Amino acid sequence: MSTNPQNTNASAPAEAARPSHFIRDIFVEDQKTKKYGDAVFQTRFPPEPNGYLHLGHAKAICLDFGMADDFGGLTNLRFDDTNPEKEEQEYVDSIMEDVRWLGFEWDRLCYASDYFDQLFEWAIQLIKAGKAYVDDHSAEEIRQHRGTLTEPGENSPYRNRTVEENLDLFLRMAKGEFPDGTRVLRAKIDMASPNLNMRDPVMYRILHASHHRTGDKWCIYPMYDYAHGQSDSLEKVTHSMCTLEFADHQPLYRWYIEQLGIFPSQQIEFDRLSLTYTLLSKRKLLQLVQEKRVSGWDDPRMPTLSGIRRRGFTAAAIRNFCAAIGASRTNGSTDIEMLEHFQREELNRTSPRAMAVLRPLKVVIENYPEGQEELVEVANNPEDPSAGLRQVPFSREIYIEQDDFREVPPPKYYRLSPGKEVRLRNAYFITAKEVVKDAAGNVVEVRCTYDPASRGGNSPDGRKVKSTIHWVSAKHAISAEVRLYDKLFINPNPSDVPEGGSFLDNLNPNSLEVIADAKLEPSLATAKPGDRIQFERMGYFCVDIESKPEALVFNRTLPLKDTWAKIERKAGS
RNA sequence: UGGGCGGUAGACUAAUGGUAGGUCAAGUGCCUUUGGAGCACUUCGUCCAGGUUCGAAUCCUGGCCGCCCAGCCA
C-alpha cells in the first residue's frame, strides 16, 4: 500500500482520527453503491514538474494517497508533462523525493508523456468523427474570436474544413511542416457556450521544443485539458481530485471522455490550501528563488517541502495538519499557528533536550572553588523517560542568556537580577551579587554566589525559587552558528499590497538572524545534519545540511511558546 | 455585467430535517526543575429576509457578500 513504513514512527501515537469531509463521503457512497464494481479505487497525484512541491501540494498528496489508503485503493504518481518549455528533470527528481519524504509510495510511476501516442491516435479519431479541426488562426486571432465573459464567441472560418483536409493538416503539423504558433488542433464544441472552456478549446499546439522524456520525437504537444482526463481514464482512475479552479474544466474533461467512449474517471474539486503569512504560488516562489530573495528552493523559510524539511519540520506533523484541515469547497485561509501547533506537538514528544546559550552573558560564581568542575545529571527528554540521562559539565564560570538577567527587573520578571536567586537547570541555586560593566555601561559579567547544598536543583531547606534558567559551562562550551528563522512575510496575506505594490514589499527583513557564536553544551558536538533537538527554553532546532563537525550549524525550526514575551508585549502596548 | 462554485465563533472544520460539536487562536486558573509541557475552565458562531415544517445550519424563494474563468500554462 501507499504508506511508506520507513517514514512512520512506530512510537508515535496514532495519527489524528480521520474527520469526515465531502470527499470521504463520496468514497463511502461509491463503495456502498459499488460504483466501480469490484475494481479497487484508484487515485493519482499529478504534479507538473515545473517547480518544487510546497505545502499546498502536501494537502493534495495527503488526500490522493490518504483516501486511496483508507479505502484499500491505489495511487499513481503521474507527472503532467505536456509543456516541454517549463518542465525539467530536476523537478521530477525533487518531487519524487518529497512525496516519499512525506511518507507515501506510489503504486505506478506515470507520465502524461507516456500517452502521447495514444492521445495522438485519439485526436485522429476525433478529427474523423468531425469533432476536431485544424485552425490556421494565430493565438491573437483565436483570442479575438473567443468572445468575452458576457458575449459569445464567433466560429473560426476554418471550422468547417473537411475531414480529409483536417487530417492532412494535422499529420503535417506532427511532421514538423509548420512553424510554432501557425496552427492548432481544436475541438469542435460550441463557440457560444457560457463556459469559455467549451468554446472550441485548443487540443494541440505546435512547439518545436525538446521534451525532457520524449526528446525531439514530437513537435506538437497536447494541452492540459486534452491530456488530463484521458490520462486519468487510461490509468482507470476512479477519483480524480484537483483544486477548485478546475471546476469549470469538468464539462470539457467529461466531453473528451464521452466522445472517446473511454473509462469515465470522475473529477472532484476541493479548495486550495491558503496559509497566513505564507505564499503558495509556484510562480512567486520561483521568483523568490530567481531573484535570490532566498537561498534556493530549500531555503528554510520557503513553504516548499524541501524548505520546511530543512527547517526541521517533520512529515508526520504535516500529515497531521493536513488531516486536521480536511477538505472542503470554501476558500479561506488557515492560520499558520495551526501548522505550528502540530509541529510543536510532535517535537515536544520526540526531541531530545540540550542546553544552548544563544546570546551569552558570563557569570562567575565567586564561592565555587577555582579549578573545580563536576558533572550534573540531566534528563534527555522529560516527556520521555526512555530517552535516558546524560552528564553535563559544570564549573565556576558559565554562560547564561543575556535575556535571563536584568539589572533593573521589570514587574513580573522572575529571572536573575541583583540580589535575586534563581535555579540553574539541573545544577544549583545562584544569587546575583554584582555586575561588571564595560566602558559603554553594558553589563558584561555577573558575579554570583551559589548554594552548595542545592546541587541538582533543590535546596534541603525547602526554599523555593521563582525561575529556572539554562546555562553552559564556559570552559566546556562548544561554539556553533545558529540561524534564527522567522516568517518570510510580515503581512498575513503576502499578496495583499496597495496599488502598484508587489508581494516583495511584504517580505520580512528580519526573517533570518544569524548568531555566529552561540555557546552549546559539549554533548552537541556530535550532532549530525537532520538531528532535531530542543534547546531548553529557546525552541526546536535541527542541524542544517551545511553543518560540519568543526563548524556546526543549527536552524531554529520553531521557538517554544513564550509566555514571558506575551506579558512583555502586553505591558508594552 | 455571462457562467461556475461557495458563505457555521478571530481561523479551519463537523452536524446529511431532531441537543450547533471538535481543533487552532485568545483569556482565566492549577501545576511545574523549561515563564516549556500538561490539566481544568471561559469567551465567541449558522450572511440577510421571507417561506415549508411539530421542528431548519440543513429544504424552497429572493437578496447580499466572496472566490474562479476570456493562455497555443497547468
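Because only heavy atoms are used, hydrogens play no part in the values below, and waters and symmetry mates are left out as well, while side chains stay in. Letters A, B, ... are given to chains in the order of the sequence lines, protein chains preceding strands, and every chain is numbered from 1. Quick caveat, the model's predicted, so the values are computed rather than measured.
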Decide, yes or no, whether a salt bridge links R390(A) with E521(A) under the criterion of side-chain N to carboxylate O below 4.0 Å. yes
Any donor-acceptor pair under 3.5 Å joining the side chain of R537(A) to the base of rG35(B)? no
Examine the side chains of D225(A) and Y256(A) and answer whether a donor and an acceptor come within less than 3.5 Å of each other. no
Side chain of E536(A) only, please: which of rU13(B), rU34(B), rA74(B) is the nearest? rU34(B)
Counting heavy atoms from C-beta on, name the nucleotide in rU1(B), rU13(B), rC72(B) closest to the side chain of V202(A). rC72(B)
In whole angstrom, give the distance that lies between atom CG of L560(A) and atom P of rU32(B). 19 Å
Among rC73(B), rG6(B), rG2(B), find the nucleotide with the atom closest to the side chain of R329(A). rG6(B)
Can you check whether T330(A) has a side-chain N or O nearer than 4.0 Å to OP1 or OP2 of rU13(B)? yes
Rounding to an integer number of Å, can you tell me how far D271(A) CG sits from rG4(B) C1'? 16 Å
No-H, no-angle donor-acceptor pair, N195(A) side chain to rG2(B) base, under 3.5 Å: no
State whether the side chain of H249(A) and the backbone N or O of N197(A) hold a donor-acceptor pair below 3.5 Å, judged by distance alone. no
Is there a side-chain polar atom (N or O) of K282(A) under 4.0 Å from OP1 or OP2 of rC73(B)? no
With rounding to the closest Å, how many angstrom separate the P atoms on rA25(B) and rA20(B)? 27 Å
In this structure, how many angstroms lie between the C1' atom of rA70(B) and the CG atom of L196(A), rounded? 5 Å
Can you tell me how far C1' of rG38(B) sits from CD of E383(A), to the nearest Å? 8 Å
Taking rA74(B), rG2(B), rG71(B) as options, the one with an atom nearest any side-chain atom of T82(A) is rA74(B)
Going by the angle between their ring planes, with limits at 30° and 60°, are F489(A) and F503(A) parallel, tilted or perpendicular? tilted
Could you check rG10(B) for me: syn (within 90° of 0) or anti? anti
How would you label the contact of R415(A) with the nucleic acid (heavy atoms, under 4.0 Å): base, sugar-phosphate, or nothing? base
Closest to side chain of T148(A), choosing from rC12(B), rG36(B), rA70(B): rA70(B)
Would you say R146(A) reaches rG71(B)'s phosphate, i.e. side-chain N/O to OP1/OP2 under 4.0 Å? yes
Over 60° means perpendicular and under 30° means parallel, so classify the ring planes of Y91(A) and Y52(A), tilted if in between. perpendicular
Looking only at rA74(B), rA25(B), rC24(B), the nucleotide nearest the N83(A) side chain is rA74(B)
R283(A) vs rA74(B): side-chain N/O to OP1/OP2 distance below 4.0 Å: no
Nearest of rA70(B), rG36(B), rG3(B) to any side-chain atom of P194(A)? rG3(B)
When you measure from the side chain of I325(A), which nucleotide among rA74(B), rC12(B), rG36(B) comes out closest? rC12(B)
Quick one: F27(A) CZ to rU16(B) P, roughly how many Å, whole number? 22 Å
If you compare every side-chain N and O of K561(A) against the phosphate oxygens of rA25(B) (OP1, OP2), does one of them come in below 4.0 Å? yes
Without decimals, in angstroms, what is the distance between Y277(A) OH and rA11(B) C1'? 12 Å
Considering only rC68(B), rU23(B), rU34(B), which nucleotide approaches the side chain of D248(A) most closely? rC68(B)
If only side-chain N and O atoms of S20(A) are considered, is one of them under 4.0 Å from the OP1 or OP2 phosphate oxygen of rA14(B)? no
Using whole Å, report how far CG of N493(A) lies from C1' of rG10(B). 16 Å
Should the pair E245(A)-R272(A) be classified as a salt bridge under the 4.0 Å nitrogen-to-oxygen rule? yes
Going by purine N1 to pyrimidine N3 plus the second Watson-Crick contact, or the G-U wobble pair, all under 3.5 Å, which nucleotide sits opposite rU53(B)? none
Presence of donor-acceptor pair under 3.5 Å, side chain of E140(A) and base of rG71(B): no
base_contact_polar (rA70(B) base, H145(A) side chain, donor-acceptor, <3.5 Å): no
Atom-to-atom span, NZ of K570(A) to P of rG35(B) - whole angstrom: 18 Å
Out of rG36(B), rG35(B), rA74(B), whichever nucleotide has its closest atom nearest the side chain of M223(A): rA74(B)
Check the orientation of F45(A) and H57(A). Use parallel for under 30°, tilted for 30 to 60°, and perpendicular for over 60°. perpendicular
